[in-house]
Protein chains: 2
Amino acid sequence: MTEREDVHNSDVPVLCRSCEARHKGICGALSEDELLQLSKHTVKRTAARKQELIHEEDEVHSYSNIMAGAVKLTKLMPDGRQQIVGLQFAPDFLGRPFQSESNFGAEVAADVKLCSFPKDVLESMLGANPELENRLLRQVLKELDEARQWMLVLGRMTAKEKVASFLSLIANHIDPEHEGDSVTFELPLSRAEIADYLGLTIETVSRQFTALRKDGVIEIEGNRHIVVPDRETLKDATGST
Amino acid sequence: MTEREDVHNSDVPVLCRSCEARHKGICGALSEDELLQLSKHTVKRTAARKQELIHEEDEVHSYSNIMAGAVKLTKLMPDGRQQIVGLQFAPDFLGRPFQSESNFGAEVAADVKLCSFPKDVLESMLGANPELENRLLRQVLKELDEARQWMLVLGRMTAKEKVASFLSLIANHIDPEHEGDSVTFELPLSRAEIADYLGLTIETVSRQFTALRKDGVIEIEGNRHIVVPDRETLKDATGST
DNA sequence: CGGTGGATTGATACTGATCAAGAGCAGTGG
DNA sequence: CCACTGCTCTTGATCAGTATCAATCCACCG
């Protein structure tokens with residue numbers, strides 16, 4: 001159940017064969033039989049920017065794998081203040097096991113492809129397949145690490161350091177290798193969303209973008225296109241290690 | 001492996017019999033055999049306030065169960081800024097599975113009793129006992145929920161709301177039942193630690209304590225002793241739901 | 001009795017929020 | 001084809017909340 005060769009295996013459901021996330025995501029832990037069983041209840045779908053996937057405090061009856069795109073997890077205060085508490089990309093797992101009511105909302109940030117299936121189907125597999133649970137555990141641990149890193153950002157960094165941290169996060173996500181070189185990317189979030197992620201206002205985010213540009217840390221083309229000539233310089237601007 | 005009766009069972013290791021955390025913590029998933037095996041490598045110890053349990057970025061070779069007391073998880077910036085990224089109580093599990101180097105430091109906040117065992121012993125049990133992994137997964141999910149809730153506190157709340165949130169957190173921990181009534185407790189953290197938890201300075205924390213006292217939300221006796229006459233009022237002061 | 005560590009309180013400074021105006025750009029319809 | 005509209009982003013001026021700096025208090029201890 002740990003290693004297998006199924007690249008040419010016709011037992012793999014059609015639905016799954018083209019899935020780039022299959023080996024990296026939690027599905028990598030599933031046997032052909034399990035994949036087949038899961039795929040019977042699976043719906044592939046796309047969702048566009050701004051579409052709400054989960055409403056905070058609503059009951060959720062399905063989980064999803066993110067196959068492409070980006071999803072933001074949000075928390076809302078009664079008076080409208082909002083905080084983004086997580087950003088997920090392919091091949092992340094979306095959902096909160098062992099709890100029907102969601103603690104946060106989920107909204108599409110950059111157009112996504114999702115692979116959704118009912119909660120109970122996955123949960124019964126969870127009991128039967130320890131490796132699946134292991135993969136889930138590892139993903140949740142990763143998210144916990146990220147959340148705690150972000151607590152440092154939110155609690156102790158200046159506005160400029162926060163924005164640099166955000167850019168650094170995206171840069172590392174785009175290209176996890178060679179941390180030193182230059183990178184270019186499209187921001188998956190609007191200024192307003194970045195502000196909600198960093199606990200700032202739109203105006204402050206905008207000002208810090210221009211400040212970083214004037215410092216030569218980044219170049220900005222259009223609104224979303226960012227060039228980081230030297231990632232080491234960017235990292236220095238975060239004030240963190 | 002899901003239900004068992006071992007209250008009077010003499011096969012339960014002596015070390016574990018007196019442990020109040022045994023059924024609630026991850027050990028609740030272990031059979032007598034496993035408990036025995038684990039207990040052979042286990043060291044019970046106490047540690048006093050301010051003692052460092054894990055140094056950030058150091059290698060860790062053991063896990064612990066917290067049997068009593070409180071532990072704070074901290075992150076440090078190169079220039080000395082600090083953020084507390086988690087607070088753990090009995091019967092929490094302390095440690096980061098599947099990773100030898102710690103992402104954060106751990107320091108005793110209120111004198112603790114710990115039950116420590118080598119990483120590899122637990123990890124081999126993890127592979128063999130799915131229920132153990134399940135318990136761990138649930139604990140990590142709980143911590144992730146808490147971390148995200150705290151991201152909202154850090155990112156979007158005012159100083160007064162932050163302090164009220166902290167007091168609310170402690171109050172709920174002391175007495176998870178009847179959320180409406182009054183509670184009295186000793187703070188497990190100093191003002192400086194509370195400041196590090198809330199992303200504030202000592203002075204601001206102190207001012208907000210007096211502000212909440214003047215508002216009649218809390219009463220303060222000595223430095224650490226807090227009385228909350230009405231938890232609903234305190235909750236209102238957090239600005240959150 | 002002086003010393004030490006933690007907490008409070010006050011005066012002032014500064015970072016980021018708020019309020020306000022305008023620029024850039026895409027889409028729409030006359 | 002171009003004015004109009006709506007949206008996002010930027011920039012400027014001012015305000016407010018929290019940090020910083022400094023003094024004092026308090027409890028405890030040697």
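Proteins come first, then strands; the chains are lettered A, B, ... in the order of their sequence lines, and each starts at number 1.
Listed for the B:E193 side chain is a donor-acceptor partner under 3.5 Å among the backbone atoms of B:S190.
Look at A:T210 and you'll find a side-chain N or O under 4.0 angstrom from OP1 or OP2 of D:dT11. Between D:dG17 and B:T204, no contact under 4.0 Å exists linking OP1 or OP2 to a side-chain N or O.
Across all strands shown, A:K162 has no heavy atoms under 4.0 Å from either base or sugar-phosphate atoms. A:K214 comes within contact range of no nucleotide atom at all, as no heavy-atom separation falls under 4.0 Å. Residue contacts for A:T201: at a heavy-atom cut-off of 4.0 Å it reaches a base atom on one of the strands shown.
One can find a donor-acceptor pair under 3.5 Å joining the base of C:dG10 and the side-chain atoms of B:R207. Side-chain atoms of A:E203 and base atoms of D:dC9 include no donor and acceptor less than 3.5 Å apart.
Per the geometry, CD belonging to B:Q208 stands 13 Å off C1' belonging to D:dA16, to the nearest Å. In this structure, A:I220 places its CD1 atom 9 Å from P of D:dT11, rounding to the nearest Å. Atom-to-atom, CZ of B:R156 to C1' of C:dG16 comes out at 12 Å; the value is rounded to the nearest Å. Atoms CD1 (B:I202) and P (C:dG5) sit 13 Å apart, rounded to a whole Å. When rounded to the nearest whole Å, the span between CE of A:M157 and C1' of C:dT15 equals 17 Å. As a whole-Å value, the separation of B:R224 CZ from D:dC28 P is 13 Å. Across the protein-nucleic acid pair, A:L198 atom CG and C:dG16 atom P stand 12 Å apart, rounded to whole Å. Between B:N223 atom CG and D:dC26 atom C1' there is a gap of 8 Å when expressed in whole angstrom units.
Salt bridge present: B:K72 and B:E107 bring a charged side-chain N and a carboxylate O closer than 4.0 Å. Classification of A:R148 and B:E143 as a salt-bridged pair holds, one side-chain N sitting under 4.0 Å from a carboxylate O.
For A:R191, counting side-chain heavy atoms from C-beta on, the closest listed nucleotide (C:dG16, D:dC9, C:dT8) is D:dC9. Checking C:dA7, C:dG16, D:dT11 against every side-chain atom of B:S190, the shortest atom distance belongs to C:dA7. Distance from the side chain of A:R213 is smallest for D:dT11 among the nucleotides C:dT9, C:dG16, D:dT11.
Contact detail for B:P229 and B:S182: the closest heavy-atom pair is O-CB, 3.0 Å.
Within a 6.0 Å radius of NZ in A:K113, other residues, nucleotides and ligands contribute 12 heavy atoms or fewer.
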